[in-house]
Amino acid sequence: MNNQQHNSAVTVIGLGPMGQAITRTLLAAGHPVTVWNRTPGRAEGVVADGATLAAVPAEAVEASKLIILSLTDYQAMYDILGPATASLAGRTLVNLSSDTPDRSREAASWAATHDAAFLTGGVMVPAPMVGTDAAYVYYSGPGEVLDDSREALAQLGTPNYLGEDPGLAQMMYQAQLALFLGTLSALMHSTAMLGATGMTATEAMPELIASAESIGAILRAGGETPGAALDVGEHPGDLSTVTMMGATADHIVETSTTLGLDLALPLAVRAHYRRAIENGHGGDNWTRIIDSIREPRDMPRRPIS
């Protein structure tokens, strides 16, 4: 790899915690970095570290072939780059912002109308972990575009390429966040349950976090390839059944009600098991709840016996 490629210029637009971490990681790897942010004061730290602050978005775009966006959503990209579209031709936009898969696809089409290449990205670690060995980023879009920018992007985290569809990386990102946010809500609900009995969060959370960490091992114990039974529509109920798990979900709702806690999460979980039981799958493995998640309006209903 020659020094010119290694030291290729990069522009970062959006300087929240993630954008700042991206900028500092690229600077540390030897890349000249130009930055722009709607609130210029946020650039002071990275400018002190060696980044160049552009006065306007067009100047930021024109400074580099590779433009990385770390924004609140995709609308922010249009708002910022709208006045700079004449400068986009021949450049690569890598949007690491969160939004929907459909908006990622629309953004790829928008970039193409301005003769720019486009990659969707999803950074799967918090800002302090960007650039570490634990960091990884999902990408989708044209594979050759990722290859052209791989050296710079690999500084942020291991690139994990999902395919040509620009929506794939965003779908994976949202699926991962659904798991993450759901787990965080469950952790807070569990902490509130124990807190209602007088246990402090300091006492409760180590126990709860240990339980959360064990979930992966529990799921892997059910088979060498997690998800394989789901793919073929098999839900063997030899270890844990819908009825058994549903009874537990009932108890959680009752306990939470007694404690005066918000019931949104436990009621949602209980509904998954009740629908599966209503549809005659009480003896199946708990994974059967995926049916009503996939088709919530189309599931036939039978009364619980």
Exercise. Any chain of hydrophobic side-chain contacts (each under 4.5 Å) joining Val47 to Val33?
Worked result: yes

For this session: Keeping the roles fixed (side chain from Asp99, backbone from Tyr74), state whether a donor-acceptor pair exists under 3.5 Å.
Result: yes

Exercise. Do the side chain of Ser97 and the main chain of Leu71 share a donor and acceptor less than 3.5 angstrom apart?
Worked result: yes

Problem set entry | Gap between atom CH2 of Trp110 and atom CZ of Arg103 - 0.5 Å precision | 15.5 Å

For this session: Check whether any side-chain N or O of His31 sits under 3.5 Å from a backbone N or O of Ser8 as a donor-acceptor pair, and report yes or no.
Result: yes

Exercise. Where is the tightest heavy-atom contact between Ala84 and Pro57, given as atom of each residue plus distance?
Worked result: CB-C, 4.3 Å

Problem set entry | Heavy-atom pair of closest approach, residues Gly167 and Ser104 | CA-CB, 4.3 Å

Exercise. Do Thr11 side-chain atoms and Ala60 backbone N/O form a donor-acceptor pair below 3.5 Å?
Worked result: yes

Problem set entry | Test item: Ser140 side-chain N/O and Asp165 main-chain N/O as donor-acceptor pair under 3.5 Å | yes

Exercise. Hey, any chance Phe118 and Leu156 share a hydrophobic cluster, counting ILVMFWY side chains that come within less than 4.5 Å of each other, even indirectly?
Worked result: no

Exercise. Side chains of Tyr139 and Thr120: do they bring a donor and an acceptor to under 3.5 Å?
Worked result: no

Problem set entry | Min side-chain heavy-atom separation Val269-Val253 under 4.5 Å | no

Problem set entry | Intermediate values then yes/no, side chain to side chain donor-acceptor pair (under 3.5 Å), Asn285 and Thr287 | CA-CA 5 Å; Asn285 188 55; Thr287 53; 3.1 Å; yes

Exercise. Going by atom types only, do Tyr138 and Gln176 share a side-chain donor-acceptor pair under 3.5 Å?
Worked result: yes

For this session: Measure the spacing between CG of Leu259 and OG1 of Thr255 and express it to the nearest 0.5 Å.
Result: 6.5 Å

Problem set entry | Leu267 side, atom CG; Ile252 side, atom CD1 - distance, nearest 0.5 Å | 11.0 Å

Exercise. Quick one: CD1 on Ile293 to CZ on Arg288, what's the gap to the nearest 0.5 Å?
Worked result: 12.5 Å

For this session: Taking all non-hydrogen atoms of both residues into account, name the closest pair between Val242 and Ala276 and its distance.
Result: CG1-CB, 3.7 Å

For this session: Side-chain contact test, heavy atoms from C-beta onward, threshold under 4.5 Å: evaluate it for Val123 versus Tyr173 and give yes or no.
Result: no

For this session: Evaluate the side-chain proximity of Glu62 to Arg91: yes if any heavy-atom separation is below 4.5 Å, no if none is.
Result: yes

Exercise. Are there more than 12 heavy atoms of other residues, nucleotides or ligands under 6.0 Å from atom CH2 of Trp286?
Worked result: no

For this session: Measure across Ala127 and Met18 and return the closest heavy-atom pair with its distance rounded to 0.1 Å.
Result: N-CE, 3.8 Å

For this session: For residues Leu153 and Leu146, determine if any side-chain heavy atom of one lies less than 4.5 Å from a side-chain heavy atom of the other.
Result: yes

Exercise. Can you tell me if Ser214 uses its side chain to pair, donor with acceptor, with the backbone of Ser211 under 3.5 Å?
Worked result: yes

Problem set entry | Shortest non-hydrogen separation from Ala134 to Met129 and the atoms involved | CB-CE, 3.5 Å

For this session: Output yes when Asp250 and Arg274 qualify as a salt bridge under the 4.0 Å nitrogen-oxygen rule, no when they do not.
Result: yes

Exercise. Does a side-chain heavy-atom distance below 4.5 Å link Leu96 with Ile22?
Worked result: yes

Exercise. Does CD in Glu207 sit with more than 12 non-hydrogen atoms of other residues, nucleotides or ligands closer than 6.0 Å?
Worked result: no

Exercise. Applying the 4.5 Å side-chain criterion to the ILVMFWY set and letting contacts propagate, would Leu15 and Leu93 be lumped into a single cluster?
Worked result: no

For this session: Say whether, by atom type as modelled, one donor and one acceptor occur between the side chain of Asp102 and the main chain of Arg105 under 3.5 angstrom.
Result: no

Problem set entry | Close side-chain approach of Leu168 and Met171, heavy atoms under 4.5 Å | no

Exercise. Does the side-chain contact (heavy atoms from CB on, under 4.5 Å) test come out yes or no for Val125 and Thr132, once each step is laid out?
Worked result: CA-CA 10 Å; Val125 294; Thr132 68; 5.8 Å; no

Exercise. If you measure from CD1 on Ile215 to OG1 on Thr183, what distance do you get to the nearest 0.5 Å?
Worked result: 6.5 Å

For this session: Please confirm whether the backbone N or O of Met244 pairs with a side-chain atom of Thr241, one donor and one acceptor, at under 3.5 Å?
Result: yes

Exercise. Can you find a pair of side-chain heavy atoms, one from Thr92 and one from Ile67, that are under 4.5 Å apart?
Worked result: no

Exercise. To the nearest 0.5 Å, what is the distance between OG (Ser190) and CE (Met193)?
Worked result: 6.5 Å

For this session: Verify, without hydrogens or angle tests, whether Thr52 (side chain) and Thr34 (backbone) share a donor-acceptor contact under 3.5 angstrom.
Result: no

Exercise. Just checking, any donor-acceptor pair under 3.5 angstrom between side chains of Thr200 and Glu203?
Worked result: yes

For this session: Give the C-alpha distance, both sets of side-chain angles, the deciding distance and a yes or no for side-chain contact (heavy atoms from CB on, under 4.5 Å) between Arg24 and Val46.
Result: CA-CA 7 Å; Arg24 289 192 170 97; Val46 294; 3.9 Å; yes

Exercise. Does the pair Ile13 and Ile80 meet the rule for a side-chain contact (heavy atoms from CB on, under 4.5 Å), with working shown?
Worked result: CA-CA 9 Å; Ile13 295 178; Ile80 292 167; 4.1 Å; yes

Problem set entry | For Ser256 against Pro266, the heavy-atom pair lying closest together | OG-CG, 4.2 Å

Problem set entry | Connected via hydrophobic side-chain network under 4.5 Å: Met245 and Leu219 | yes

Problem set entry | Greater than 12 external heavy atoms within 6.0 Å of Asp238's CG | yes

For this session: With side chain to side chain donor-acceptor pair (under 3.5 Å) as the test, would you mind laying out the steps for His272 and Ser292 before giving the verdict?
Result: CA-CA 7 Å; His272 292 154; Ser292 61; 5.9 Å; no

Exercise. Side chains of His235 and Ile290: closer than 4.5 Å at any heavy-atom pair?
Worked result: yes

For this session: Check the surroundings of atom CZ in Phe180: do more than 12 heavy atoms from other residues, nucleotides or ligands lie under 6.0 Å from it?
Result: no

Exercise. Hey, is the main chain of Ala228 close enough, under 3.5 Å, to the side chain of Thr225 for a donor-acceptor pair?
Worked result: no

Exercise. Are Ser98 and Gln174 linked by a side-chain donor-acceptor pair shorter than 3.5 Å?
Worked result: yes

For this session: Decide side-chain contact (heavy atoms from CB on, under 4.5 Å) for Asn95 and Met77; before the verdict, give the C-alpha distance in whole Å, the side-chain angles of both, and the deciding distance to 0.1 Å.
Result: CA-CA 8 Å; Asn95 199 329; Met77 178 187 71; 3.3 Å; yes

Exercise. Is there a path of hydrophobic side-chain contacts, each under 4.5 Å between heavy atoms of I, L, V, M, F, W or Y residues, that connects Val145 with Leu81?
Worked result: no

